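Data first, discussion second: the structure below is written as structure tokens.
Chain naming here is simple, since letters A, B, ... match the order of the sequence lines and numbering starts at 1 in each. Everything numeric here is computed off the predicted structure, so don't read it as measured data.
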Number of protein chains: 2
Amino acid sequence: MQPRTHVTLEDVARAADVSLATASRALNGMRVTPQLRDRVLAAAEQLAYTPNAHARALAGASHRTVGVICHDVSDPYFAAVAGGVMRIAGDNDLLVMLASTFRDPEREIAYVSMLRAERAPAILLIGSGFEDARWERALDAELKPYLDGGGRVAVVSRHRSLKVDSVLPENRAGAAAMARALLDLGHRRFAVLAGPPALTTVADRLGGFRDELTKAGVSLDPADIMEGPFTRDGGYRAMTELLARGLTATCVFALTDVMAIGACAALRDHGLSVPDDVSVAGFDDIPIVRDLTPPLTTVALPLQQLGEKAMELALTENTGRRRRILRMGGEVVVRASTAKLN
Amino acid sequence: MQPRTHVTLEDVARAADVSLATASRALNGMRVTPQLRDRVLAAAEQLAYTPNAHARALAGASHRTVGVICHDVSDPYFAAVAGGVMRIAGDNDLLVMLASTFRDPEREIAYVSMLRAERAPAILLIGSGFEDARWERALDAELKPYLDGGGRVAVVSRHRSLKVDSVLPENRAGAAAMARALLDLGHRRFAVLAGPPALTTVADRLGGFRDELTKAGVSLDPADIMEGPFTRDGGYRAMTELLARGLTATCVFALTDVMAIGACAALRDHGLSVPDDVSVAGFDDIPIVRDLTPPLTTVALPLQQLGEKAMELALTENTGRRRRILRMGGEVVVRASTAKLN
DNA sequence: CTCGGCCCTGAATGCGCTTTCAGTAAGCGC
DNA sequence: GCGCTTACTGAAAGCGCATTCAGGGCCGAG
């Protein structure tokens with residue numbers, strides 16, 4: 001009952017009356033006389049022995065705890081991706097150290113450093129990066145020695161200058177497809193709820209959307225593009241602002257579903273109906289949007305798979321000389337939040 | 001560039017031309033001649049040195065990685081609670097090892113064991129327990145030596161026979177309050193979407209609801225109680241089954257919001273309107289239900305706070321001799337998914 | 001019956017770090 | 001200028017485990 005005193009392998013060995021080495025071997029399933037093995041196992045069981053993972057890692061056994069860094073676990077997007085990560089981790093008997101940065105670059109770098117200290121065999125970075133390129137460089141500086149030391153890094157939905165394996169959503173193609181779908185519905189006047197333009201996710205989605213519009217001879221007035229944080233409230237406020245300015249668009253494209261949800265709420269609070277008055281479309285296809293009224297038209301991303309694939313990338317050796325890049329998703333799912341323009 | 005080779009403290013010491021002990025002290029902010037300290041710090045910086053957390057933990061320095069076990073991070077309920085946990089963890093420079101059990105008892109116990117092996121100073125268990133009491137005992141057996149070894153355990157929404165600090169939602173009182181609210185609306189015939197009755201969460205919510213109904217002279221027909229997993233699809237299927245049997249209730253109480261969402265979808269697919277044809281109420285107040293159409297009437301739980309408080313409990317010494325128990329939430333929030341019965 | 005060979009066991013080493021413990025140089029008063 | 005305290009520094013021990021290296025028992029073969 002004395003605090004911080006743990007049963008050690010030596011205790012087990014003594015209880016089983018064998019040497020430390022034998023006890024270690026018995027517990028690790030190496031060849032040992034069955035009778036001795038049983039004695040050791042019984043002693044371990046009886047003493048409620050748990051090997052010290054630190055000692056084990058220090059002594060050279062590989063460490064089974066990987067690191068995952070995301071912006072915010074409570075965001076449905078990250079929660080879904082994290083779900084996939086967890087599934088693969090669980091299947092491989094891995095523990096996951098999950099860190100939420102809350103979009104604080106400093107914190108993200110600190111977490112990488114901690115994960116490096118933990119000698120995590122792999123680190124996953126989930127989500128778009130920082131608005132400031134200096135932070136990206138600082139992150140690179142932290143990642144570099146980790147990679148050089150044999151660490152594995154994989155990212156989801158995030159461009160990196162370093163050679164790391166990536167799982168990337170089809171942001172540009174998906175947004176373009178959405179543009180076509182909305183044009184097909186007859187819309188010609190659009191508003192976009194965007195995020196910080198420095199994020200590649202924003203640049204790609206916005207770019208893909210705008211370019212496709214341009215191809216069709218439709219232009220996107222900069223005044224119809226509202227920036228805001230990638231949150232429900234960010235969407236709500238951006239939409240409200242757009243409304244205050246006098247909305248001329250017949251269709252609003254939010255760069256993330258979460259923003260779209262906020263936008264719908266703002267429209268509703270403004271007495272407008274979706275899709276009768278305004279069509280709304282999102283991006284990501286987080287699980288809940290199916291159950292909204294009306295269900296949200298969006299660009300589908302296989303969120304759970306994004307996490308699964310990233311974990312798999314991080315777990316398998318990259319034998320090639322180039323970074324592996326998986327592009328996924330991007331199909332438009334038309335639901336009831338968008339209507340034909342009559 | 002040789003794999004798995006890390007810069008060690010010894011390398012730093014050599015580079016700074018000081019002893020290992022001095023290097024350690026300089027890095028840990030103990031009193032060292034400024035000049036030496038600078039040399040050490042510079043060398044560390046230059047070599048991109050990261051202390052080995054394992055060696056450090058082994059050598060006695062306290063370890064700053066706590067464990068959190070939940071059923072599924074991608075469930076909005078857990079995601080929200082985890083968000084609170086992460087916030088407090090971040091504020092305390094703690095790394096969180098998050099494990100998803102996917103409701104597999106064996107896996108949960110394995111995770112506790114791994115966390116024990118990691119010598120995590122604290123373990124948080126989030127979510128209702130197992131249906132089978134034998135698993136609960138097995139978990140106790142795993143937890144016991146951890147507690148004896150000085151480990152701290154806190155649970156959220158989960159009764160335990162062991163003396164551990166707890167954050168408990170006001171399940172019984174909340175459900176009772178919901179019953180009153182629904183009775184006040186004029187409803188007399190109810191259906192309940194429940195989960196496995198062995199879970200205390202289910203027993204408390206169902207019990208509180210039923211008892212309050214009984215007080216008002218209203219009885220709950222067992223045939224109107226449908227069990228199902230605590231998931232969206234569980235709610236959908238349970239509701240569908242109820243509908244297939246011929247629904248007589250005017251109001252459906254789902255024991256979790258996630259189930260309520262499924263129920264609403266089933267009703268809609270069945271051509272029924274909420275709340276015009278059937279009122280629906282939930283429990284938990286996960287963030288999204290505010291944005292549903294109609295917004296869901298539910299029993300509010302301060303989900304993020306649940307996580308925050310649990311983390312705080314786990315981080316502070318329990319000086320008293322009794323386990324600390326925090327009861328939170330339980331207020332009914334009436335929204336548009338429930339209507340007055342005319 | 002004896003010797004070589006094999007397999008299993010136990011003693012000892014080292015992983016990287018923190019932390020005594022002892023030692024040395026500097027600083028002070030007389 | 002001498003002896004003593006004070007303040008750092010450096011050597012070394014040890015955290016708990018995996019693992020290497022010898023040593024010893026047992027077997028079969030000669």
If every non-hydrogen atom of L9(B) is compared with every non-hydrogen atom of L20(B), which pair is closest and at what distance?
CD2-O, 4.0 Å
Does R56(A) use its side chain to pair, donor to acceptor, with the backbone of P51(A) at less than 3.5 Å?
no
Minimum heavy-atom distance V164(B)-R323(B), with the two atoms named:
O-NE, 3.0 Å
Please check: side-chain N/O of H71(B) versus main-chain N/O of S100(B), any donor-acceptor pairing under 3.5 Å?
no
For residues 40-48 of chain A, which side-chain N or O atoms pair as donor and acceptor with protein atoms under 3.5 Å away, sequence neighbours left out?
none

Check nucleotides 17-20 of chain C against the protein and report each pair of N or O atoms closer than 3.5 Å, with its distance, or say if there are none.
from	atom 1	to	atom 2	distance (Å)
dC17(C)	OP1	Y49(B)	OH	2.4
dC17(C)	OP1	N52(B)	N	3.3
dC17(C)	OP2	L9(B)	N	2.3
dT18(C)	OP1	N28(B)	ND2	3.2
dT18(C)	OP1	R56(B)	NE	2.9
dT18(C)	OP1	R56(B)	NH2	3.2
dT18(C)	OP2	S24(B)	OG	2.7

Can a salt bridge be assigned to the pair D11(A) and R14(A) using a cut-off of 4.0 Å between side-chain N and carboxylate O?
yes
So the contacted stretch of DNA chain D, first to last nucleotide with an atom under 4.0 Å from a non-hydrogen atom of chain A, runs from dG16(D) to dT20(D)
Is a side-chain donor or acceptor of R39(B) paired with a backbone partner of A16(B) at a separation under 3.5 angstrom?
yes
Among residues two or more places apart or on two chains, list those pairs meeting salt bridge (Lys or Arg N to Asp or Glu O under 4.0 Å) that have a residue in residues 103-112 of chain A.
R107(A)-D91(B), E108(A)-R158(A)
Set of salt bridge (charged side-chain N to carboxylate O under 4.0 Å, His left out) partners for R37(A), sequence neighbours left out:
none
Assuming nearest nucleotide by heavy-atom distance, tell me which of L58(B) and L36(B) is located more 5' along DNA chain D.
L36(B)
Exam field: side chain T33(B) to backbone Q35(B), donor-acceptor pair closer than 3.5 Å
no
Terminal axes of the helix from dC1(C)-dG30(D) to dC30(C)-dG1(D) (5 end pairs apiece), angle rounded to 10 degrees, sit apart by 50°
